[in-house]
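The structure displayed is predicted, hence computed values, not measured ones.
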Amino acid sequence: EQDSYDWFARHHAELELAKKLQPQVVLIGDSITHFWGGQPLAGRMNGPAAWQKLFGDTPVLNLGFGWDRTQNVLWRLRQGESDGLAPRWIVLNIGTNNLTGTDHARANTPEEIDAAIAVICAELHRRSPQSHIVLMAIFPRGPHADDYLRAPIRAANRLLAKRFAMDSAVTYLDIGSQFLEPDGTLPSALMPDGTHPSEAGYRIWAEALQKATGIGR
């Protein structure tokens, strides 16, 4: 997809950085992860203060790529981005881009997204069996409770919650309600464009990760 960065240049930068960093935490995802912070440096960082507060000096590898779908993540893993890595934690936040179609990829159903994320988790476990996966539920999108993406997001998240409820290698973490007002609206202060968190939105994610994992303590 057309975006503000060179996808293949970032992929090769990830391959080089992975050889040197020996991360304790690896974040994998789309632009929501890409724009948070950390290395490799992105041209846009929306949550650097929340990143620093959570991770501090912990070595973290950010494998977030703007526009990525589940299939892109699988390709990247199979092309070496996770080779040789043995982090304590892998944080996976993917699936939101699968909900919409472009000229290059059709929209996926909640069932397809659930199945694809299961394949990603299996791939990660096979490559780094000692790592614990924190699987994020898909974040809410759109300013209003009845926005057209809200229903498929809820459906996908229900499937993921059911699939991973008893999986000891995966912690399923759904913080969607923490972004929403009681009437279901998504405040622009937390997600200015209705999809990507602001600094305040990333603070919510950071605090949830710290509570769930103990990272940064």
Side-chain angles (χ1 to χ4, degrees), residues 1-48 51 54-55 57-99 102 104-106 108 112-136 138 160 163-164 167-173 196 205 209 213 215:
E1 306 292 351
Q2 294 297 316
D3 210 329
S4 58
Y5 74 106
D6 186 326
W7 192 95
F8 282 100
R10 183 169 175 83
H11 170 61
H12 289 291
E14 300 279 13
L15 294 175
E16 290 302 311
L17 184 60
K19 297 175 185 176
K20 309 168 186 175
L21 190 59
Q22 295 184 326
Q24 294 182 24
V25 182
V26 173
L27 277 71
I28 302 174
D30 47 46
S31 55
I32 293 171
T33 298
H34 185 170
F35 298 155
W36 190 355
Q39 297 186 64
L41 295 177
R44 170 182 173 186
M45 288 189 288
N46 294 348
W51 180 282
L54 174 61
F55 297 118
D57 296 328
T58 301
V60 182
L61 180 62
N62 186 334
L63 295 181
F65 282 63
W67 270 112
D68 263 18
R69 296 174 171 83
T70 53
Q71 55 265 45
N72 302 110
V73 169
L74 279 170
W75 186 92
R76 291 195 281 113
L77 293 175
R78 291 168 179 172
Q79 294 299 316
E81 282 191 2
S82 66
D83 287 2
L85 300 182
R88 182 178 180 187
W89 302 100
I90 298 173
V91 181
L92 177 62
N93 188 352
I94 196 68
T96 195
N97 289 325
N98 291 78
L99 294 162
T102 70
H104 306 291
R106 67 172 175 83
N108 292 109
E112 289 172 329
I113 294 169
D114 168 60
I117 289 175
V119 174
I120 293 172
C121 288
E123 187 86 14
L124 290 169
H125 184 66
R126 182 177 68 81
R127 292 173 178 275
S128 184
Q130 71 277 31
S131 301
H132 191 84
I133 299 169
V134 179
L135 173 61
M136 303 304 303
I138 299 172
L160 292 168
R163 179 184 293 273
F164 292 103
D167 192 329
S168 61
V170 177
T171 294
Y172 177 71
L173 188 57
H196 298 92
W205 190 8
L209 283 177
T213 66
I215 294 171

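Remark: side-chain polar atoms of W36 are paired, donor with acceptor, to backbone N or O of G47 under 3.5 angstrom. Panel note: side chain N98, backbone R69; no donor-acceptor pair is recorded below 3.5 Å. For the pair R76 (side chain) and L63 (backbone), a donor-acceptor distance under 3.5 Å is present. R10 places a side-chain N or O within donor-acceptor distance of the main-chain N or O of P40, the cut-off being under 3.5 Å. Here the side chain of R44 pairs no donor or acceptor atom with the backbone of H34 at under 3.5 angstrom.
For the atom pair CG of D6 and NE2 of H11, the computed distance is 11.5 Å after rounding to the nearest 0.5 Å. Of the inter-residue distances, the one linking T70 atom OG1 with D114 atom CG reads 11.0 Å to the nearest 0.5 angstrom. Taking CG of N93 as the start and OG1 of T33 as the end, the distance is 4.5 Å to the nearest 0.5 Å. Here H125 contributes atom NE2 and H132 contributes atom NE2; the two are 11.0 Å apart, rounded to the nearest 0.5 Å. Atom CG of residue D30 and atom CG of residue N97 lie 5.0 Å apart, to the nearest 0.5 angstrom. If you take CD1 on I138 and CG on L99, they are separated by 5.0 Å, rounding to the nearest 0.5 Å.
P59 has its side chain out of reach of Q22: every pair of non-hydrogen atoms, C-beta onward, lies at least 4.5 Å apart. Inter-residue side-chain proximity for W205 and I32 is flagged as met; some heavy-atom pair is nearer than 4.5 Å. Inter-residue side-chain proximity for E81 and L15 is flagged as met; some heavy-atom pair is nearer than 4.5 Å. Proximity of W89 to L209: side-chain heavy atoms (C-beta onward) are nowhere separated by under 4.5 Å.
When all heavy atoms of F164 and C121 are compared, the closest pair comes out as CZ-SG, 3.9 Å. Here the shortest heavy-atom pairing between M45 and G38 reads SD-N, 4.4 Å. The two residues M136 and V91 have their closest heavy-atom pair at CG-CG1, 4.1 Å. Of all heavy-atom pairs between I90 and S131, the closest is CD1-CB, 3.7 Å. Of all heavy-atom pairs between I94 and G29, the closest is CD1-C, 3.9 Å. Nearest heavy atoms, N62 versus E14: O-OE2, 2.6 Å.
Checked against the 6.0 Å centroid threshold, W7 and W67 do not count as a close aromatic pair. Aromatic ring centres of W75 and F65 lie farther apart than the 6.0 Å criterion allows.
Between E16 and K20, no side-chain nitrogen of the basic residue sits less than 4.0 Å from a carboxylate oxygen of the acidic one, so the salt-bridge criterion is not met.
Dense packing is recorded around CD of Q79, with more than 12 heavy atoms of other residues, nucleotides or ligands lying under 6.0 Å away. Residue R127 places its CZ atom among more than 12 non-hydrogen atoms of other residues, nucleotides or ligands, all under 6.0 Å distant.
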Worksheet item: Would S128 and L85 count as a side-chain contact (heavy atoms from CB on, under 4.5 Å) if you check the C-alpha gap in whole Å, the side-chain angles of each, and the deciding distance to 0.1 Å?
Response: CA-CA 7 Å; S128 184; L85 300 182; 5.9 Å; no
Practice prompt. Let me see the working for L77 and I28 under side-chain contact (heavy atoms from CB on, under 4.5 Å), right down to the final yes or no.
Written response: CA-CA 10 Å; L77 293 175; I28 302 174; 4.3 Å; yes
